[in-house]
Structures are given as C-alpha cells and as structure tokens.
Amino acid sequence: MSQKFQGLPASPGIAIGSVWLYRPSQTQIEYLTGCDPKEEWERIQIALQQTHDQLEGLFEHTKKEIGLAQAEIFEAHQMILSDPDFLTTIETNLNNHLYNAEAAVQDGINSFANMLLALESEYFRERSQDVRDVGKRIINNLLQVIPQSNLLPDHPTIILAEDLSPSDTVQFDKRFVLGLCTRKGGPTSHTAILARSLGVPAVVSAPFDWTSFDNEPIAILDGEKGELLLNPDITTLERATEQQTNIKRQNDVLISLSHQPATTVDGKTVEVAANIGSNHDAKLAISMGAEGVGLLRTEFLYLNREQMPSEEDQIPIYREIFEIMADRPVVVRTLDIGGDKSVPYIGFPEEANPFLGWRAFRMTEQHPEILYQQLRALLLATTSTTDLRIMIPMISSISEIKRARTIFDQAIEDLKIEQKPFTNKIQFGIMVEIPSAAIQAYEMADFVDFFSIGTNDLTQYGLAVDRTNERIAHLASPFHPAILRLIKMTIDGAHAKGKWVGLCGEMAGDPLATTVLLGLGLDEFSMSANSIPQIKENIRRLDQKACQTVAETALNLSDAKDVIDFLHNDDQLKQKMGW
Ligand code: PEP
Ligand code: MG
C-alpha cells in the first residue's frame with residue numbers, strides 16, 4: 001500500500017528508486033570495571049589515531065569533491081580528539097573507575113556533549129552533535145566495527161535517515177545517491193546544504209515511520225513539494241517517471257542553450273549570474289551558463305568554526321573561486337551574520353529582534369577590523385584578470401556607505417604601500433534590502449558603482465514580515481506592488497546616475513517575475529545555478545518594451561495576489577512562456 005509523508009523541501013528535483021535505510025547500527029557498549037588503565041589507554045591511543053586518520057581522509061576527499069569550506073568541519077572534528085578536558089575525563093575514568101576503553105570514551109563524550117548542550121549559545125548547542133559524531137567514530141574504531149556507510153549498496157538509491165551528520169553525508173558515493181530524505185533537520189541543515197551542492201533532490205523533516213519499510217521499497221522523492229511517497233501505485237509511478245523524463249528533457253534543451261546570451265527579441269541584453277557559496281557552486285554555475293557571480297555569500301567561512309578566520313585562512317578559499325570564474329565578474333558580499341546566523345567568537349548579544357538588530361555591516365561600528373581583514377583577503381586573493389565587485393549588506397544610510405568606503409579605501413591603500421599585487425578591476429556597491437536604501441537610491445548612487453537588490457530581506461523589511469515565521473509566510477511576497485515600487489525606485493535612481501542594478505534575492509530565479517523585472521529595467525539577474533537556463537530562455541522570448549507595459553500595470557494593482565493573477569493570466573505572456 002502506498003504511503004505519503006509530507007516534509008520540507010530542501011533541494012529541488014524528483015528522485016525515483018529503491019530506498020536505502022541508513023541506520024548506523026546502535027553500537028552496544030558494555031560498561032566494564034576492574035580493567036587495566038594502562039592497557040585500555042593504549043587501545044584508546046590507537047583508536048584516536050585511526051579516527052584522526054579517517055577524519056584527515058574525509059577532509060581531503062571533501063576538499064577535492066566539494067570545497068575547502070565544506071571540508072573544514074572535519075578539521076574541527078579532529079580538534080575534538082585533542083581537547084584537553086575530554087582527554088582528562090577519559091583518563092580519570094580509566095584511573096578512578098577502572099573502566100574499559102569503550103565506557104571511558106563514551107562517558108567522556110557524554111559529559112563533553114552535555115556541557116555544550118547546557119550553554120546559552122545555539123552555536124555551541126549544535127556542536128554537541130559534532131562531539132557525538134566523533135565519539136561514535138572512536139567507539140567504532142575501538143570495537144573495530146565497519147561503519148554502515150561503507151556498506152552502502154553499489155547501485156543508485158534514495159537514502160533515508162533519521163538525520164545525517166556531515167561525516168555520514170560526504171562518505172556516500174555520490175554516483176549512488178539519487179536523493180536524501182531525513183526525519184529530522186530543517187532546510188538549512190547539513191543534509192540540505194550538501195544535497196544542494198551535490199545537485200540531488202532532498203526532503204527534510206519527513207515524518208516517515210521506520211516500521212513501514214519492507215525490503216528496499218520503491219519511492220518517489222519530490223524535492224520541490226517536500227514529499228516522500230513510498231510504494232506508489234503503478235499509475236503514479238508512471239506519471240512521476242514521465243514528469244522526471246520531461247523535466248530532464250526540458251532541462252537538457254535549456255542547458256544546451258544556456259551559454260547563449262540573454263537578449264530579448266527587441267535586442268536588450270541583460271546579465272544572468274549565479275548565487276554561490278562554494279567553489280563547487282562556482283563550477284556548477286559555469287556549466288549552467290552563468291555569466292558571472294551576482295552573489296557570493298561569504299558567511300560559510302565564518303560559521304562552523306571556533307575562531308575568526310584569518311587573512312591566510314580566507315585567501316585560498318576566495319582564490320579558488322576567482323580562478324574558476326576567470327575574468328567573469330564576481331560580486332562578493334562581505335560578511336552578513338547576525339539575525340539568525342550568529343558566531344560564538346564575535347559575542348552576539350541576546351536581542352529581542354535580531355533581524356532588526358546588530359547584524360552585517362552594523363557590526364563594523366564596533367569591529368571595523370573584521371571588514372578590513374576580509375577586504376584585504378579578497379583583494380589579495382584576486383588574480384590580474386579578476387573582475388571583483390565588493391558588495392556591502394544591510395546598508396540603511398549614506399553615512400554607512402561612506403564608512404564602508406573608508407575601510408575599503410584603507411585596505412587598498414595599505415596593500416599598495418605593502419606593494420602586494422591585486423586586480424585593478426574593482427567595483428564597490430551595496431545591497432538594497434532595507435526600504436530606506438531603495439527610497440534614497442538616487443542620492444546613494446553617487447557613492448557606489450552598483451546596487452544589488454536583496455528581495456528576500458527587502459520584502460521582510462518592506463512588509464514587516466519575519467521571513468523565518470512560517471505562520472505569516474504567505475504575506476511575504478515580493479510581488480506586492482509596494483515592493484515592486486521599491487525595486488523601481490532603486491533602478492530609476494541608479495540609472496539616473498549611470499549606475500547598474502542587479503537583483504540577487506530568490507525573486508530573480510522565479511519565472512513569474514522575469515517580465516516585471518525586465519520591464520522595470522533590471523540590468524543583472526542573479527540566482528541559484530539550476531534556475532539559470534530557464535530564466536535565460538524566458539528573457540530571450542520576451543520583448544522588453546512589452547514588459548514595460550506589463551510592469552506599469554503591475555505597479556498599479558492593489559496587492560500581491562492581483563499582480564500574481566495578472567501575470568499568470570496575461571494571454572500574450574502565456575503564449576510566449578509556454579505556461
Ligand atoms: C536577500 O536578502 O535577498 C539576499 C539575497 O540575501 P540573504 O537571503 O542572504 O539575506
Ligand atoms: Mg539579505
């Protein structure tokens with residue numbers, strides 16, 4: 001009998017195949033006493049060394065296959081192995097309780113993880129999972145248990161798990177991973193992030209029941225709808241297979257055209273770029289026809305670590321990306337943390353409204369050195385051909401732009417004094433994601449080379465809708481005429497001063513938005529790599545003049561629903577876009 005489980009979409013696409021239940025065996029640990037501390041300590045030393053070597057292997061493998069930033073988690077795991085408190089607890093267990101090695105380690109892991117769980121900071125609480133992950137690995141080595149991930153089938157499957165830790169996920173041979181589905185985790189969990197960078201569909205928070213599985217049943221995993229369907233009937237299976245074939249066929253055609261420019265029928269060319277967060281994304285972006293990077297989110301470099309990344313830590317990561325992008329433009333957004341992304345070493349205060357609080361560029365009032373250091377690292381990572389475009393997030397006033405510019409000029413001047421080489425193709429811009437920046441775009445344009453509109457936050461702040469609150473998610477539409485007017489003000493203000501405007505919020509990759517954005521005069525669209533072929537094709541079918549009329553009508557409608565209905569029902573558009 002077929003069964004449907006509704007979870008949360010975490011990575012798009014449809015996977016069809018047999019499921020593989022990833023349930024790492026719950027290793028039974030016997031607690032023994034009266035053991036010889038010296039012998040047990042020697043066993044532990046061997047297991048710690050084996051664990052260290054395995055983590056080193058995982059680090060190298062992930063660095064090669066995915067990227068340095070994603071690999072760094074395994075360096076953090078290696079650090080747990082030499083944590084002095086952890087090792088002291090183990091030694092005390094051996095010497096005072098005469099425990100066996102397995103019990104001494106398990107007890108040490110429990111105290112370490114519980115200590116982290118008791119801390120205020122969410123970051124540290126999340127790290128307790130890493131400690132348990134490392135603990136499992138040490139115990140497996142002590143017991144010489146082969147981790148289940150080594151027993152993965154040698155054929156493609158949809159992997160179902162309670163949760164997947166980073167070390168689980170990267171060990172899967174990606175040729176055999178059709179999709180990932182977990183009972184736990186949110187759309188920003190490790191599973192989701194890795195699935196997206198591997199380009200496989202994923203669903204998280206799917207409330208499936210372990211008892212409902214017989215041997216490797218067939219399933220359909222819909223990463224768009226967030227659905228897992230077990231044992232589908234033959235008609236549903238045929239429909240999903242057809243859908244998958246159609247998606248693939250359409251995608252193949254679109255991808256084959258994706259390296260052509262996005263020029264409208266009346267001859268206006270716009271730039272289509274990618275939003276990326278790693279070197280893996282950069283490679284994917286190029287294969288999908290990206291003409292540059294419209295948003296490199298740099299937060300990943302600062303999260304998941306115990307201390308601020310140094311200039312030397314940052315340079316090779318940026319350089320890898322710049323080398324992949326060669327002479328294509330790369331818009332790099334400087335650190336955008338705070339809000340829902342906090343890091344322990346910066347000392348974020350508890351705030352009643354973190355999204356309206358001390359975040360992103362605002363932090364530089366107290367910590368200008370963070371931005372200064374990042375800018376230096378970015379400049380030093382460039383090659384002579386890099387087309388670097390620095391973008392400052394969360395700007396609300398002209399005085400902030402001036403302050404950012406002072407730090408930027410200082411970084412450039414210092415590197416010149418130090419006679420360090422860097423590219424001479426550099427632009428300086430800001431994100432327009434706070435309504436005040438859109439309203440003052442005309443005046444702000446004097447101080448920047450470009451704007452990029454962040455509609456995710458512009459919608460949040462323009463409509464006062466918390467973007468993380470699922471109860472009011474339906475109110476957060478960038479199609480609201482007020483948001484369209486803010487976009488128009490930004491574009492008009494910049495164009496009046498000869499500056500260009502991009503858009504890097506999710507709206508740029510939404511096919512329904514292409515006409516309006518073209519009509520408003522947007523110069524650059526930036527989106528996740530997989531959306532590029534479709535959006536480029538949409539642009540090539542449209543007439544920019546006709547889009548202006550569409551945009552004018554949309555701006556004067558009453559609310560988001562009217563705009564969406566209007567765009568859906570426009571006959572001329574339907575024909576052109578094949579809706
Ligand atoms: C935005 O706000 O639209 C944006 C692109 O930035 P982020 O989603 O990273 O806040
Ligand atoms: Mg934003």
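Just so you know, ligand 1 is whichever comes first in the structure, and atom 1 is the first atom listed for that ligand.
Under 4.0 Å from ligand 1, not a single heavy atom of Gln460 appears. Contacts with ligand 1 closer than 4.0 Å are made by no heavy atom of Glu506, backbone or side chain.
Between Glu299 and ligand 1, no N or O atom pair is found at a separation short of 3.5 Å.
Interface of Met431 with ligand 1, defined as ligand atoms under 4.0 Å from a residue heavy atom, comprises 4 (C), 5 (C). Shown in contact with Cys504 at under 4.0 Å from a heavy atom are these atoms of ligand 1, numbered in order with element: 5 (C). Ligand 1 places these atoms under 4.0 Å from at least one heavy atom of Leu295: 5 (C). Each of the atoms 3 (O) of ligand 1 lies under 4.0 Å from some heavy atom of Thr455.
Within Asp457, the N, O or S atom at minimum distance from the Mg ion (ligand 2) carries the name OD2. When the Mg ion (ligand 2) is compared with the N/O/S atoms of Glu433, atom OE1 turns out nearest.
Heavy atoms only, all atoms of each residue included: Glu400 and Ser396 are closest at OE1-N, 2.6 Å.
Counted by atom type alone, Asp130 and His77 present one or more donor-acceptor pairs between their side chains at under 3.5 Å. Side chains of Ser526 and Asn275: a donor-acceptor N/O pair is present below 3.5 angstrom, by distance only. Inspection of the Thr298 and Arg333 side chains reveals no N or O donor paired with an N or O acceptor under 3.5 Å. Defined by atom type and a distance below 3.5 Å, a donor-acceptor pair is missing between the side-chain atoms of Tyr302 and Gln307.
Checking each of Arg540, Arg541, Lys536, Gln534 against Asn538 for a side chain to side chain donor-acceptor pair (under 3.5 Å) leaves exactly one that passes, namely Gln534.
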Practice problem: Could you check Gln427 against Leu388 for side chain to side chain contact (heavy atoms under 4.5 Å, CB included), going step by step and ending with a plain yes or no? | Solution: CA-CA 6 Å; Gln427 294 189 23; Leu388 176 64; over 6 Å; no

